[in-house]
Amino acid sequence: MPRSCVAYLCFSAMFSGVVVPGNGFTLSSLPLRGTGPIVQRSSTVQPHGIHRLPLQTASARKEHVSVKMGLASNALTSLASVGALSMPVNPVVVLAGACILAMSVAAFLLNKPSRAYQAGENTVGKEYDAWTEEGILEYYWGEHIHLGFYNKSDIQNIKNPIKSSAVFKETKYKFIDEMYKWSGAEAGGNKPLKVLDVGCGIGGTSRYLAKKLGGDTKVTGITLSPNQVQRATELAKEKGLDNVEFKVMDALKMEFPDNTFDLVWGCESGEHMPDKYKYVEEMTRVLKPGGTLVIATWCQRETPPEFTESEKDKLKFLYEEWAHPYFISIEEYERHCKKTGKLEAISGANWVKETIHAWRHSIWVGIWDPWIVIWKGFTSKVGPWIWWKVIREIVTLERMHRAFDSGLMTYGMIRAKKQQA
Ligand code: SAH
């Protein structure tokens, strides 16, 4: 992320030194704004002390965008007129200045998270509805919205333009196989007959498990996104699978009776939960005695040591870009499992080494095959805006990679069995 690039400094200097005195604005007085769904929220403090700043309304935001654009053009005009007084205008210099300004604005905007979780607004469902409708995520990621499991040859193929895309999708199936093995769901010798996929996306895992486990197993997937349910059901029909179904349902208030499922599976949905204990508790409630709970989820490192200011900044961006209320550590998930008083054989693992390559790999697949994104800029409802959104995704993917690489984030795997009654 080009946070501290020279262009950004030029931009800051321009606003604080050239524009500010005349207009009474300071850079810090300008509100946050974003590119995603517009949200309004009050200032809150995260569990580990990260302050979340208030966002403004759509109209206020538009007003500020136009104020800022006005300021920017004022600045250019002032610079141009200063130049005109003392020397002939050199078009190359003007062009270079305009480029620097544009890059600075882009860097500034990209450094601000834009799609924050908002309690009571179904921001998560809306984000996934939009991704499903756009189709870009499905084009690159296939049926799965989770990281892949990488071995040596997969890593070597990331930069292979011919194989990269296929390998990217294969690693996701490998991940499911590894997660299933690791869960120990068949340790007692029986395969699970009733499976719940909590936060199922467009149902890639549900369908894969339905096929793998066979017709006598019934898989149910739940999500907050109606578009995902529709797409997941469509794909199940296309594949002729009748042992899988999808519902819009909140994982924190599930409609299933107690003790319903043999296997409860949560893959990369925990990161979106505003109440992580309730998430674990609800999954435990619907699990049959003797049944298996398995969770894969992005976690932040355990504290203490407390987060530094720089770590808090990084986390804040990751929380607020893809509708994550906050993350917790693997150890905290294990403590939550213990706290239910109903789980045993609880254990956790960090699969960061196995999965970290997925972040940059997803950027590479776009580099090798960018055409769908270019095309969508001309054909989608939002037009060229989609290009900006994709640039934001790339920045976030890279930031995720760095956070996992540095140990700030960990890839949490948690498994447990429900005690016999
Ligand atoms: N497990 C899926 C997709 C992970 S993306 C896969 O393997 O492809 C995260 C999913 O979690 C999305 O479908 C989102 O709608 C779902 N989710 C997030 N919060 C949820 C909640 N409170 N209840 C149900 N689903 C939720």
Side-chain angles (χ1 to χ4, degrees), residues 37 115-133 137-149 168-169 171-180 183 195-212 219-233 235-236 244 246-256 263-283 285-286 294-298 319 321-327 351 355 358 362 393 396-397 400 411-413:
R115 290 168 283 183
Y117 176 86
Q118 170 68 18
E121 300 281 321
N122 195 16
T123 33
V124 172
K126 285 177 192 160
E127 276 303 319
Y128 283 101
D129 272 350
W131 274 317
T132 309
E133 200 181 328
L137 184 64
E138 186 178 337
Y139 179 83
Y140 288 119
W141 286 57
E143 299 175 32
H144 304 266
I145 316 172
H146 57 82
L147 303 190
F149 191 98
F168 186 59
K169 288 173 187 157
T171 61
K172 295 181 190 308
Y173 290 100
K174 217 181 294 169
F175 182 91
I176 304 171
D177 286 335
E178 292 297 330
M179 179 168 166
Y180 185 75
S183 75
V195 177
L196 176 64
D197 183 3
V198 179
C200 62
I202 57 167
T205 300
S206 310
R207 285 186 298 276
Y208 185 67
L209 288 177
K211 197 161 174 210
K212 180 179 167 105
V219 183
T220 304
I222 63 164
T223 164
L224 289 177
S225 156
N227 284 0
Q228 285 189 325
V229 165
Q230 195 190 339
R231 184 69 186 131
T233 309
L235 288 168
V244 58
F246 300 96
K247 294 171 191 280
V248 176
M249 197 186 292
D250 187 348
L252 304 184
K253 283 183 263 158
M254 288 194 272
E255 292 154 21
F256 307 112
L263 170 63
V264 175
W265 176 285
C267 180
E268 298 191 11
S269 56
E271 16 314 43
H272 293 296
M273 302 295 162
D275 183 341
K276 312 291 188 206
Y277 177 68
K278 188 78 189 159
Y279 173 58
V280 172
E281 193 186 35
E282 266 295 273
M283 292 201 284
R285 180 183 69 74
V286 300
V294 65
I295 300 172
T297 185
W298 310 343
Y319 292 171
E321 185 57 16
W322 284 338
H324 302 122
Y326 60 96
F327 307 126
W351 279 14
T355 57
S362 68
E393 310 296 22
T396 311
L397 290 164
M400 280 288 182
Y411 195 95
M413 300 294 299

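In listed order, ligands and their atoms are each counted from 1. Quick caveat, the model's predicted, so the values are computed rather than measured. This chain uses plain numbering: 1 for the first residue, then up along the sequence.
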J.: Roughly how far, to the nearest 0.5 Å, is CZ of Phe327 from CE of Met273?
T.: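 Rounded to the nearest 0.5 Å, the CE-CZ separation comes to 13.0 Å.
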J.: What is the distance from atom NZ of Lys247 to atom CG of Leu196, rounded to the nearest 0.5 Å?
T.: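 Nearest 0.5 Å value for the NZ-CG distance: 10.5 Å.
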J.: Got an N/O contact under 3.5 Å between Tyr128 and ligand 1?
T.: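 By distance alone, the answer is no.
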J.: Does the N or O separation between Gly199 and ligand 1 drop below 3.5 Å for any pair?
T.: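 Looking only at distances, the answer is yes, because the N/O contact criterion of under 3.5 Å is met.
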J.: For the residue pair Ala296 and Tyr411, what are the closest heavy atoms and their distance?
T.: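 Ala296 and Tyr411 have their closest heavy atoms at CB-OH, 3.7 Å.
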J.: What residue and atom, counting heavy atoms only, is the protein's closest point to atom 23 (N) of ligand 1, and at what distance?
T.: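 The closest heavy atom on the protein side is Ala251 N, 2.8 Å.
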J.: Answer yes or no: does an N/O atom from Met273 fall short of 3.5 Å to an N/O atom of ligand 1?
T.: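 No, there is no polar N/O contact under 3.5 Å.
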J.: When the aromatic ring centroids of Tyr208 and Tyr173 are compared, is their separation below 6.0 Å?
T.: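 Close enough - the centres of the two rings lie under 6.0 Å apart.
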J.: Does some non-hydrogen atom of Gly125 fall short of 4.0 Å from ligand 1?
T.: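 Not so, Gly125 does not reach ligand 1.
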J.: Judging by distance only, is a nitrogen or oxygen of Cys267 under 3.5 angstrom from one on ligand 1?
T.: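 N/O-N/O distance under 3.5 Å: yes.
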J.: Backbone, side chain, both or neither: what part of Val124 comes under 4.0 angstrom of ligand 1, heavy atoms only?
T.: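 Under 4.0 Å from ligand 1, Val124 contributes side-chain atoms alone.
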J.: State whether a side-chain donor-acceptor pair under 3.5 Å links Ser206 with Asp197.
T.: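 Asp197 and Ser206 do have a side-chain donor-acceptor pair below 3.5 Å.
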J.: Within the structure, does His272 bring an N/O atom to less than 3.5 angstrom of an N/O atom in ligand 1?
T.: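 Checking ligand 1 against His272, no N or O pair falls under 3.5 Å apart.
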J.: Check each heavy atom of Leu224 against ligand 1 and say whether those closer than 4.0 Å belong to the side chain, the backbone, both or neither.
T.: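 Looking at Leu224 and ligand 1, atoms from backbone and side chain both fall under 4.0 Å.
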J.: If you measure from CG on Asp177 to CG on Leu209, what distance do you get to the nearest 0.5 Å?
T.: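 CG of Leu209 is found 9.0 Å from CG of Asp177.
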J.: Return the closest protein heavy atom for atom 8 (O) of ligand 1 as residue, atom name and distance.
T.: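 For this ligand atom, the closest protein heavy atom is Ile145 N, 2.8 Å.
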J.: If you have a sec, work out which protein heavy atom is nearest atom 22 (N) of ligand 1 and how many Å separate them, to one decimal?
T.: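 Protein heavy atom at minimum distance: Asp250 OD1, 2.9 Å.
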J.: Report yes if Asp197 has an N/O atom closer than 3.5 Å to an N/O atom of ligand 1; otherwise report no.
T.: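 No, since none of the N or O atoms of Asp197 sits under 3.5 Å from an N or O of ligand 1.
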J.: Tell me which one of Lys247, Gln228, Glu268 gets a heavy atom nearest to atom 12 (C) of ligand 1.
T.: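 Nearest option to atom 12 (C) of ligand 1, by heavy atoms: Gln228.
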J.: Hey, does the side chain of Lys276 reach the backbone of Gly270 with a donor-acceptor pair shorter than 3.5 angstrom?
T.: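 Between the backbone of Gly270 and the side chain of Lys276 there is a qualifying donor-acceptor contact (under 3.5 Å).
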J.: Just which atoms of ligand 1 are under 4.0 Å from any heavy atom in Gly201?
T.: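 Those qualifying, in numeric order: 2 (C), 3 (C), 13 (O).
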J.: Given 3.5 Å as the limit, does a donor-acceptor pair link the side chain of Lys126 with the main chain of Glu121, or not?
T.: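 Yes, Lys126 side chain to Glu121 backbone: donor-acceptor pair under 3.5 Å.
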J.: Does NZ in Lys174 sit with more than 12 non-hydrogen atoms of other residues, nucleotides or ligands closer than 6.0 Å?
T.: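 For Lys174, atom NZ is crowded (more than 12 foreign heavy atoms under 6.0 Å).
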J.: Does ligand 1 come near enough to Ser269 that some N or O of the ligand is less than 3.5 Å from an N or O of the residue?
T.: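 No.
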J.: Sub-3.5 Å donor-acceptor pair from the side chain of Arg231 to the main-chain atoms of Glu138, do we have one?
T.: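 It does not hold such a pair.
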J.: Checking a contact table here: which protein heavy atom is nearest atom 7 (O) of ligand 1, and how many Å away?
T.: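 Of the protein heavy atoms, His146 CD2, 3.0 Å lies nearest.
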J.: Which atoms of ligand 1 sit under 4.0 Å from any heavy atom of Met249?
T.: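 Matching atoms, with element in brackets: 23 (N), 24 (C).
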J.: Please examine the side chains of Phe256 and Ile222, heavy atoms only from C-beta on, and report whether any two atoms are closer than 4.5 Å.
T.: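 A side-chain contact exists here, since the closest heavy-atom pair is under 4.5 Å.
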J.: Taking all heavy atoms of Gly221 and all of Cys200, pick out the closest pair and write down the distance.
T.: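 Closest approach of Gly221 to Cys200, heavy atoms only: C-SG, 3.6 Å.
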J.: What atoms in ligand 1 come closer than 4.0 Å to a heavy atom of Thr205?
T.: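 Result: 7 (O).
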J.: Give the residue and atom name of whichever protein heavy atom lies nearest to atom 15 (O) of ligand 1, and the separation in Å to one decimal.
T.: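 For atom 15 (O) of ligand 1, the nearest protein heavy atom comes out as Thr223 OG1, 2.8 Å.
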J.: With heavy atoms of His144 as the reference, note each atom of ligand 1 found under 4.0 Å away.
T.: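 Going through ligand 1 atom by atom, the ones under 4.0 Å from His144 are 8 (O).
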